[in-house]
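See below for the structure under consideration.
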Amino acid sequence: MSEDDSNMEEYPTEIHDYLTAFEKSLGSVDEMLKTMMSVSRSELLQKLDPLEQAKLDLVSVYTLNSMFWIYLATQGINAKEHPVKQELERIRTYMNKVKEITDKKKASKLDKGAASRFVKNALWEPNAESEHTSKTPTKGKKRQ
């Protein structure tokens, strides 16, 4: 019997796929952390504009608090009643604010001059219409 076979007996087989996916996720997190730690923070922040710096800080603190949430859950502590839940909600609020700022930057700007010309040309002008109809007769009407 191999080591894998003895480990399989320790937990129900129904959760094997979940545990495998969890192990892969942990590997991904580990690799991402190694990548982030390979560059000094000050060097990284110098390359980013203030909005990108805010995004990096928010993602970092959200990740750290999420990992603490998971730790609490593994220790049998109800994380929903722990202050970490309020902290995660506070961070989400700031993430939404940063998203709004990003969306505003991406939004198209209104060219007021072009918009007024477009509206002016699209509107019906009674004088221009009466001149147009007097020059060309319409079908179905008799000329007077």
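Looking at heavy atoms from C-beta onward, Leu26 lies out of side-chain contact with Asp30 at the 4.5 angstrom threshold. For the pair Ile91 and Gln86, the minimum side-chain heavy-atom distance is 4.5 Å or more. In this structure, His82 and Asn78 have side chains that are not in contact, with every pair of non-hydrogen atoms separated by 4.5 Å or more. Using a 4.5 Å heavy-atom threshold, the side chains of Ser60 and Leu56 count as touching.
Of all heavy-atom pairs spanning Lys85 and Lys80, the tightest one is CD-O, 3.3 Å. The two residues Ser38 and Thr35 come nearest to each other via the heavy atoms OG-O, 2.6 Å. Listed here is the closest heavy atom pair of Gln53 and Leu48: NE2-O, 3.1 Å.
For the atom pair NZ (Lys99) and NZ (Lys104), the distance works out to 12.5 Å, reported to the nearest 0.5 Å. Here Leu72 contributes atom CG and Glu81 contributes atom CD; the two are 11.5 Å apart, rounded to the nearest 0.5 Å. Annotation: the span from Thr63 atom OG1 to Met32 atom CE amounts to 9.5 Å, rounded to 0.5 Å. Once rounded to the nearest 0.5 Å, the distance linking CD of Gln46 with OG of Ser40 reads 7.5 Å. Note that the OH atom of Tyr94 and the OH atom of Tyr62 stand 16.0 Å from one another [nearest 0.5 Å]. Rounding to the nearest 0.5 Å places CD1 of Ile70 at 6.0 Å from CZ of Phe22.
The same ILVMFWY cluster, assembled from side-chain heavy atoms under 4.5 Å apart, contains both Leu88 and Tyr71. The hydrophobic cluster containing Val84 does not contain Leu64, counting ILVMFWY residues as joined when their side-chain heavy atoms lie under 4.5 angstrom apart, directly or transitively. A continuous path of hydrophobic side-chain contacts links Val61 to Ile101 [ILVMFWY only; heavy atoms under 4.5 Å]. Criterion: ILVMFWY side-chain heavy atoms under 4.5 Å apart, direct or through other members. Under it, Phe68 and Val59 are part of a common hydrophobic cluster.
Between Glu87 and Arg90, at least one side-chain nitrogen of the basic residue sits less than 4.0 Å from a carboxylate oxygen of the acidic one, meeting the salt-bridge criterion. Classification of Asp57 and Arg41 as a salt-bridged pair holds, one side-chain N sitting under 4.0 Å from a carboxylate O. Ion pairing of Lys34 with Glu31 is absent here, as no side-chain N (NZ or NE/NH1/NH2) approaches a carboxylate O to less than 4.0 Å.
Other residues, nucleotides and ligands contribute more than 12 heavy atoms inside 6.0 Å of the CD atom of Glu43.
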